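Values reported hereafter were calculated over all heavy atoms of this structure, with side chains retained and with hydrogens, waters and symmetry mates removed. Sequence lines set the chain letters: A, B, ... in the order given, protein chains first and strands last, and positions in each chain run from 1. Just so you know, these numbers come straight off a predicted model, no measurement behind them.
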There are 2 protein chains.
Amino acid sequence: MPRCRRGGPPWWEPRFQEAGFRLTISRQAILEVLSNTKEHLSAEEIYLAVHKNYPNIGLTTVYRTLELLVDMGLVFKFDFGDKRARYELSPGPAGKRHHHHLVCTNCGRVIDYTDFIDEERELLRRTETGLSEKYNFKITDHLIQFYGLCDECQGQF
Amino acid sequence: MPRCRRGGPPWWEPRFQEAGFRLTISRQAILEVLSNTKEHLSAEEIYLAVHKNYPNIGLTTVYRTLELLVDMGLVFKFDFGDKRARYELSPGPAGKRHHHHLVCTNCGRVIDYTDFIDEERELLRRTETGLSEKYNFKITDHLIQFYGLCDECQGQF
DNA sequence: CTCATTATTGAAAATGGTTTTCATTAACAT
DNA sequence: ATGTTAATGAAAACCATTTTCAATAATGAG
Ligand SMILES: [Mn+2]
Ligand SMILES: [Mn+2]
Ligand SMILES: [Zn+2]
Ligand SMILES: [Zn+2]
């Protein structure tokens with residue numbers, strides 16, 4: 001289980017300095033877990049993963065840390081309809097690209113996709129401009145998700 | 001507080017017949033409330049509204065009925081990030097047009113918009129086609145929401 | 001219309017993800 | 001190294017939603 005950082009410190013360290021938050025073991029461990037997965041983990045799943053190496057870190061701290069990380073913009077929080085929040089490390093400086101999600105309503109699988117993002121971006125840009133003018137609404141974020149049946153679940157219906 | 005139906009029975013009545021569900025007082029009352037509001041009510045708000053005219057209808061029934069209505073496709077269920085589900089009557093045969101939402105992250109206000117829906121539709125159509133092919137994912141639904149600050153909340157920051 | 005069937009309902013209890021409380025611990029500036 | 005105080009863990013609280021189960025009422029048959 002090799003560490004990801006092949007060189008200097010993780011890109012998120014300066015962010016803690018700037019914001020004046022302490023870079024604790026718990027926070028590093030949680031960020032480490034998030035940076036080593038491609039999945040969209042729930043708080044409890046993160047807790048369990050962290051717990052293997054740091055058995056004394058509690059679920060409460062995981063929740064609190066995730067809230068902080070979301071506020072800091074280091075982590076994104078999603079609702080895929082399975083009754084629990086799911087988290088994903090922000091792309092970061094040299095990370096993956098911005099993406100949206102396909103959610104299987106049968107098995108819960110979540111697929112990241114970056115295809116058509118450019119077209120989406122263009123539409124979003126125009127929509128945001130138009131809506132800002134018409135409703136004087138200052139748009140700061142958007143959510144786009146597609147729901148349906150994944151490859152494996154289509155046979156069952 | 002005039003009833004909306006100026007003529008025949010509401011458009012949703014046949015849907016119950018077809019599906020074999022009983023058209024009870026509770027269900028009619030809840031649909032009536034939903035059809036007489038432009039807001040996106042929570043289960044409890046619907047319960048309170050129904051309760052004025054039918055004090056014996058319980059919150060449990062409201063939850064159960066909403067679940068049924070969502071399953072029947074008569075009602076849409078949304079998550080605007082305020083920790084409780086919110087509901088909206090489906091456009092129906094002669095109803096309002098399909099729309100998406102602007103959500104104020106400060107005061108929670110939700111604005112329906114239908115502008116740019118045609119462009120969105122076109123993008124969605126192409127995206128759905130592309131994603132279906134690439135991931136063999138059968139898309140049945142989508143969610144688009146914009147977040148930001150509404151007219152009144154912009155001054156505060 | 002009357003009755004039997006059974007879907008539907010209400011009240012109360014349970015559920016479960018998340019948040020709060022509060023005493024203890026540890027990060028880090030000095 | 002030490003003091004200040006942010007951060008933490010365990011337990012309890014929170015709260016929207018769901019489940020339980022006995023009672024009720026919508027519907028169809030007669
Ligand atoms: Mn993702
Ligand atoms: Mn709406
Ligand atoms: Zn699936
Ligand atoms: Zn606002």
Side-chain angles (χ1 to χ4, degrees), chain A residues 9-10 12-31 33 40-72 74-75 77-87 108, chain B residues 9-10 12-31 33 40-72 74-75 77-87 108:
Chain A
W12 55 71
E13 285 196 6
R15 301 293 307 275
F16 280 85
Q17 305 288 344
E18 296 159 14
F21 295 122
R22 297 179 181 175
L23 191 47
T24 65
I25 304 289
S26 306
R27 292 171 179 174
Q28 296 184 69
I30 289 168
L31 280 162
V33 164
H40 306 84
L41 302 177
S42 68
E44 188 172 13
E45 288 168 343
I46 293 168
Y47 163 73
L48 291 173
V50 164
H51 198 260
K52 290 175 188 164
N53 295 321
Y54 304 89
N56 43 347
I57 293 178
L59 180 56
T60 308
T61 295
V62 173
Y63 273 109
R64 272 189 297 229
T65 300
L66 287 170
E67 184 183 18
L68 178 72
L69 296 176
V70 169
D71 286 346
M72 293 175 68
L74 299 181
V75 165
K77 182 178 184 178
F78 290 102
D79 168 24
F80 295 134
D82 64 343
K83 310 285 186 187
R84 72 204 62 194
R86 296 196 165 268
Y87 300 86
Chain B
W12 55 70
E13 286 196 5
R15 302 293 308 275
F16 280 85
Q17 306 288 344
E18 296 160 13
F21 294 122
R22 296 179 181 175
L23 191 48
T24 64
I25 304 288
S26 306
R27 291 169 179 174
Q28 297 184 69
I30 290 167
L31 281 163
V33 165
H40 306 83
L41 302 176
S42 67
E44 187 172 13
E45 288 169 344
I46 293 167
Y47 163 72
L48 290 173
V50 164
H51 197 261
K52 289 175 189 163
N53 295 321
Y54 304 89
N56 43 347
I57 293 178
L59 180 56
T60 307
T61 295
V62 173
Y63 273 109
R64 272 189 298 228
T65 300
L66 288 170
E67 183 183 19
L68 178 72
L69 296 177
V70 169
D71 286 347
M72 292 175 70
L74 299 182
V75 166
K77 182 179 184 178
F78 290 103
D79 168 24
F80 294 135
D82 65 342
K83 311 286 187 187
R84 72 205 61 196
R86 296 195 166 269
Y87 301 85

For this session: Answer yes or no: does a side-chain N or O of A:Arg84 lie under 4.0 Å from OP1 or OP2 of C:dG16?
Result: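 No, outside the criterion.
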Which whole-number value in Å describes the distance from [X] [atom1] to [N] [atom2]?
X       : N      : atom1 : atom2 : value
A:Asp79 : C:dG17 : CG    : C1'   : 12 Å
B:Tyr54 : C:dT8  : OH    : P     : 18 Å
A:Leu59 : D:dA10 : CG    : C1'   : 11 Å
B:Asn56 : D:dA25 : CG    : C1'   : 12 Å
A:Asp71 : D:dA7  : CG    : C1'   : 16 Å
B:Glu45 : D:dA16 : CD    : P     : 11 Å
A:Tyr63 : D:dA13 : OH    : C1'   : 15 Å
B:Asp82 : D:dC15 : CG    : C1'   : 13 Å

Problem set entry | A:Arg86: partners by side-chain hydrogen bond (donor to acceptor under 3.5 Å, both in side chains), with sequence neighbours left out |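 For A:Arg86 the side-chain hydrogen bond (donor to acceptor under 3.5 Å, both in side chains) partners, ignoring immediate neighbours, are A:Glu45, A:Asp82.
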Contacts under 3.5 Å, N or O only, protein and nucleotides 28-30 of chain C:
from	atom 1	to	atom 2	distance (Å)
C:dC28	OP1	A:Leu23	N	3.0

For this session: Search all heavy atoms of B:Ser26 against all heavy atoms of B:Ile57 and return the closest pair with its distance.
Result: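 Heavy atoms only, the tightest pair is CA-CD1, 3.6 Å.
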Problem set entry | DNA chain D: 5'-proximal contact among A:Ser26 and A:Lys83 (nearest heavy atom) |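 Result of the comparison: A:Ser26.
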Exercise. Taking the nucleotide of DNA chain C with the closest heavy atom to each, which residue, B:Thr65 or A:Thr60, is nearer the 5' end?
Worked result: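 Here B:Thr65 is the residue nearer the 5' end.
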Exercise. Taking the six-membered ring for Trp, are A:Tyr87 and A:His40 ring centroids under 6.0 Å apart?
Worked result: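 For A:Tyr87 and A:His40, the ring centres are not under 6.0 Å apart.
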Exercise. What pairs with A:Tyr63 under side chain to side chain contact (heavy atoms under 4.5 Å, CB included), at least two apart in sequence or on another chain?
Worked result: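 Only A:Ala43, A:Leu59 meet the side chain to side chain contact (heavy atoms under 4.5 Å, CB included) criterion with A:Tyr63.
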For this session: Take B:Phe16 and B:Leu31 through the test side chain to side chain contact (heavy atoms under 4.5 Å, CB included) and record every step on the way to the result.
Result: CA-CA 12 Å; B:Phe16 280 85; B:Leu31 281 163; 3.9 Å; yes
For this session: Would you please classify the geometry between the A:Phe78 ring and the A:Phe80 ring as parallel, tilted or perpendicular, with 30° and 60° separating the classes?
Result: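 Correct class here is parallel.
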For this session: Give me the one residue out of B:Leu41, B:Ile30, B:Asp71 that meets side-chain contact (heavy atoms from CB on, under 4.5 Å) with B:Leu66.
Result: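 Going through the options one by one, the only one that passes is B:Ile30.
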Exercise. With sugar-phosphate meaning primed atoms plus P, OP1 and OP2, does A:Arg64 contact a base, only sugar-phosphate, or nothing at under 4.0 Å between heavy atoms?
Worked result: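 Base contact.
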